[in-house]
Amino acid sequence: MFENLSDRLSGVLDRLTKQGALSEDDVKAALREVRVALLEADVSLPVARAFIKKVQDKATGQAVTKSVTPGQQVVKIVHDALVETLSGEGDPGALKIDNPPAPILMVGLQGSGKTTTTAKLAKRLHEREGKRVLMASLDVNRPAAMEQLEILGKQIGVDTLPIVKGEDPVAIAKRAKTQASLGGYDVYMLDTAGRLHIDQELIAQAAAVRDVANPRETLLVVDGLTGQDAVNVAEEFDDKIGVTGVVLTRMDGDGRGGAALSMRSVTGKPIRFVGLGEKMDAIETFEPERIAGRILG
Ligand code: GDP
């Protein structure tokens with residue numbers, strides 16, 4: 001569907017470059033193509049612009065190595081800059097779960113994949129790190145969401161907090177904490193309510209839960225296919241609740257992954273995991289290299 005960026009750049013640059021270094025004109029011409037590629041990959045315009053400017057300064061005047069074409073060279077410069085921008089500090093997959101029972105707060109809009117991601121991460125912690133995990137749904141307005149988590153828990157062999165009708169989210173969070181302590185769990189995951197849009201009630205509820213649970217990690221789950229909307233949602237949640245990382249779901253879809261670059265550039269928050277399907281194993285630690293490759297096509 002998309003023309004390969006390397007080929008596109010070769011077309012532009014191999015015509016222009018006559019001397020042994022990338023001139024300003026060469027770089028400008030190449031970066032016009034890169035800009036198109038970024039926008040096609042759903043990177044927002046301001047982010048694409050800022051990124052291009054950064055790369056332009058880096059690339060101008062670089063000697064062209066004999067072993068690669070100027071096109072390949074610019075692609076490498078862009079690729080490395082993408083990886084640098086997308087990378088956070090440390091291992092994105094290493095969740096802070098020392099000092100048991102460690103609370104992990106899961107937040108996000110309805111339909112983003114929050115409940116699925118909660119269960120996927122619980123399974124991962126249980127199977128890969130041998131942790132005892134307790135999951136609790138706090139979505140008191142949607143009994144189906146509570147049942148969904150219970151069903152997933154049974155499916156993956158992870159305990160869920162028994163559902164008690166009529167309890168409010170703060171009471172559930174407190175009960176989860178007590179049960180996690182008494183039951184010797186390493187981690188308890190709080191799957192907060194989602195709404196279709198961010199509203200005051202949603203934020204107030206998540207903030208109240210945060211205040212009683214004092215989470216070690218607050219992970220925001222966003223649909224990676226929603227582009228700029230995902231970034232707006234992340235800014236708002238981070239502003240009001242404070243998040244320690246982002247999980248981008250539906251990265252198995254057709255999207256080119258540009259939301260990851262916008263997300264990282266605008267919010268400064270690390271992307272920790274990506275969701276790659278509906279199955280319980282379809283989650284991976286975020287790898288900047290892989291997303292950079294996908295953005296460039
Ligand atoms: P919630 O309302 O945020 O809790 O969303 P759910 O966890 O119920 O997920 C909504 C739908 O998205 C379900 O059908 C999930 O199976 C699906 N889903 C979640 N994560 C992914 C993903 O990474 N890729 C794909 N293709 N589907 C996903």
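Whatever order the structure lists them in is the order used to number ligands and atoms, beginning at 1. Residue numbers count from 1 along this sequence.
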Asks: Side-chain heavy atoms under 4.5 Å apart, restricted to Ile/Leu/Val/Met/Phe/Trp/Tyr: what other residues fall into the cluster of Val83, or is it alone?
Replies: none

Asks: Looking just at side-chain N and O atoms, do Thr244 and Lys96 make a donor-acceptor pair shorter than 3.5 Å?
Replies: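 No, no side-chain donor-acceptor contact under 3.5 Å.
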
Asks: Under 4.5 Å between side-chain heavy atoms, chaining through other members, with only Ile, Leu, Val, Met, Phe, Trp and Tyr counted: pull out the rest of the cluster around Leu125, sorted by chain and number.
Replies: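 Reading the cluster by chain and number, Leu125 sits alongside Leu95, Ile97, Ile104, Met106, Leu121, Val133, Met135, Leu149, Leu152, Ile156, Val158, Val187, Met189, Leu219, Val221, Val247, Phe273, Met280, Ile283.
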
Asks: Could you tell me the separation between the CG atom of Asp239 and the OG1 atom of Thr267, rounded to the nearest 0.5 Å?
Replies: 12.0 Å

Asks: Cluster partners of Ile151, using ILVMFWY side-chain heavy atoms under 4.5 angstrom, listed by chain and number?
Replies: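 So far as hydrophobic clustering goes, Ile151 is joined with none.
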
Asks: Can you pull the residues with any heavy atom under 4.0 Å from ligand 1?
Replies: Leu109, Gln110, Gly111, Ser112, Gly113, Lys114, Thr115, Thr116, Lys120, Arg142, Gln148, Thr249, Arg250, Asp252, Gly275, Leu276, Gly277, Glu278

Asks: Have Asn232 and Gln228 got a donor and an acceptor in their side chains that come within less than 3.5 Å?
Replies: yes

